[in-house]
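The chains referred to below are lettered A, B, ... by the order of the sequence lines, with proteins before strands, and numbering in each begins at 1. All values below were derived from every heavy atom in this structure, side-chain atoms included, with hydrogens, water molecules and symmetry-related copies excluded.
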Amino acid sequence: MTREDIFAKIKEILADAMGVDETDVTPEATLRGDLGAESIDFLDIVFRLEQAFGIKIQQGELFPDSLAQDPDFVQDGKVTARGVAAIKEKLPHVDLSRFEQDPQVTKIGDIFTVEALVRFVQNKLATKAG
Amino acid sequence: MWIDRVVELQARERLVAIKHISLAEEHMHEHFAATESRPSLPVMPGSLIVEGVAQSGGILIGHALAFEQKIVLAKVTRVDLNHDATAGDTLRYTITMDQFGPQGASTKGVVELIEAWTGKTRTIGQIDLMFSVLENNMAGIAFPAGNFVFGEAFKTLMRNSGVVVPGDSAPS
């Protein structure tokens, strides 16, 4: 499956899951800020990706669990260097370059873009095939 | 409660529940009351049909988790109702588990209307829902420890339906 095929399917999934227009689902769009995802939508997205691509996604594999509650990872409302390193290790599909410039925990939702989902699925399918 | 009885339960897979609609239900007199231009039109509100399907789905998921966790309706994914139901009708909700995980579940529900006086059954809609397991919710919010979801009303319904309720002694 090509990157374009994956993107097209994800577009459809996000439009269905959140009732947004497919034209709003661009690679740079953030799930929370631009597409209006709420916490339950993240679980809905996980379920739909599993069905559409025939993959199994473990809890915390696509989106982090309770990262913000860990005092080692969040201090004074900012994600610490250890926190950033932990995200990079656990979630290699997200691009943290912009977030690292101003790592406020309230902005963590912005790291989950449509592109991050495409990369995640690409990695999963590659692992499955390999 | 917005269902009267669970009539079938296959663990983790499927649950069928029924709801009899009666004119004794107060909301039927308000929905819709007579106006100067037309007589009363008693119709089961669609929102209460969604609630009945949600209670049915909640029991299916709660049962899969031995009723130890708090299951709440988190998202109404799809509601499609194409026919009114009124007093004397029976609604049958068939819920199938679509996806199930530690953080929640999604279900698909078919709504059928049974005309008690003819026995005629027809499908009148589909209601797909998502439920969150509050203990593992993705927002990381803490909730009270007691199980405020599966309270006495749910337990009474389950006992009447022959569903084993945790904490009850085994029948002698």
ILVMFWY cluster, L23(B) and I114(B) together (side-chain gap under 4.5 Å): no

Co-membership, hydrophobic cluster, residues V111(B) and I18(B), 4.5 Å side-chain: no

For the student: nearest non-hydrogen atoms of S132(B) and I40(A), plus distance: CB-CD1, 4.2 Å

Over all atoms of both residues, closest heavy-atom pair of F100(B) and F47(A): N-CZ, 4.3 Å

Path from I57(A) to V121(A) over hydrophobic side-chain contacts below 4.5 Å: yes

Hydrophobic cluster membership, L41(B) vs I21(B), 4.5 Å side-chain cutoff: no

Same cluster (ILVMFWY, side-chain, under 4.5 Å), I3(B) and I124(B): yes

Taking every non-hydrogen atom, the tightest pair across R48(A) and Q99(B): N-NE2, 4.4 Å

Pairwise distance CD(Q103(B)) to CZ(F63(A)) - rounded to 0.5 angstrom: 10.5 Å

E38(A) atom CD: more than 12 heavy-atom contacts under 6.0 Å: no

For T106(A), side chain to side chain contact (heavy atoms under 4.5 Å, CB included) partners two or more places apart: Q104(A)

Within 6.0 Å of CZ in R3(A), more than 12 heavy atoms from elsewhere: yes

Residues of residues 50-88 of chain B near chain A, each having a heavy atom less than 4.5 Å away: A74(B), K75(B), T77(B)

D16(A), part contacting chain B, at a heavy-atom distance under 4.5 Å: neither

Stepwise side chain to side chain contact (heavy atoms under 4.5 Å, CB included) test for D98(B) and Q51(A): CA-CA 10 Å; D98(B) 184 33; Q51(A) 272 179 338; 2.9 Å; yes

